[in-house]
Amino acid sequence: MTTRVLLVDDQALLRGTFQMLIDSCEDLEVVGEAADGAEAVKLTRLHRPDVVVMDVRMPGTDGLAATETICSDP
């Protein structure tokens, strides 16, 4: 079984680093990347990942607000 991961961070370099690490694992798959919390909510609803790796401090909708929205979705 493959675990589907969404990466959320406003720094592209950090997202890329996580992408490389996850890609090195056979049982993990990155299904999307978001640069802010609003995009994270949208991509979570679209891709339905098993795990969201979320930065807490981001401009716009921060990671805490995005996590609250994602967790309250049915």
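One is the number of the first residue; the rest follow in order along the sequence.
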> Going by the side-chain hydrogen bond (donor to acceptor under 3.5 Å, both in side chains) test, which pairs reach into residues 10-24, not counting sequence neighbours?
Replying inline: R15-E33, Q19-D23
>> Going by side-chain hydrogen bond (donor to acceptor under 3.5 Å, both in side chains), name the pairs with one or both residues in residues 46-72, residues two or more places apart or in two chains.
In response: none
Check residues 35-42 and write down every donor-acceptor pair under 3.5 Å in which the side-chain atom is one partner and the other belongs to a residue at least two apart or another chain.
| residue | atom | partner | partner atom | Å |
| --- | --- | --- | --- | --- |
| D36 | OD1 | A38 | N | 3.1 |
| D36 | OD1 | E39 | N | 2.8 |
| E39 | OE1 | A35 | N | 3.0 |

> Hydrophobic clusters join Ile, Leu, Val, Met, Phe, Trp and Tyr when side-chain heavy atoms are under 4.5 Å apart, directly or via other members; which others share one with V56?
Replying inline: L64
>> Starting from L6, can I reach I70 by hopping between I/L/V/M/F/W/Y residues whose side chains sit under 4.5 Å apart?
In response: yes
>> Going by salt bridge (charged side-chain N to carboxylate O under 4.0 Å, His left out), name the residues that satisfy it together with D73, two or more places apart in sequence or in a different chain.
In response: R45
>> Tell me every residue that passes salt bridge (charged side-chain N to carboxylate O under 4.0 Å, His left out) with R4, counting only those two or more places apart in sequence or in another chain.
In response: none
> Taking only residues two or more places apart in sequence or in another chain, which ones pass side-chain contact (heavy atoms from CB on, under 4.5 Å) with V53?
Replying inline: V5, L7, V51
> Given the rule in the side chain to side chain contact (heavy atoms under 4.5 Å, CB included) test, do V52 and T44 qualify, once you have shown the distances and angles that lead to the verdict?
Replying inline: CA-CA 8 Å; V52 178; T44 298; 4.0 Å; yes
> To the nearest 0.5 Å, how far apart are CG in D9 and CE in M58?
Replying inline: 7.0 Å
> Can you name the nearest heavy-atom pair linking E26 to T2, along with the distance?
Replying inline: O-OG1, 4.5 Å
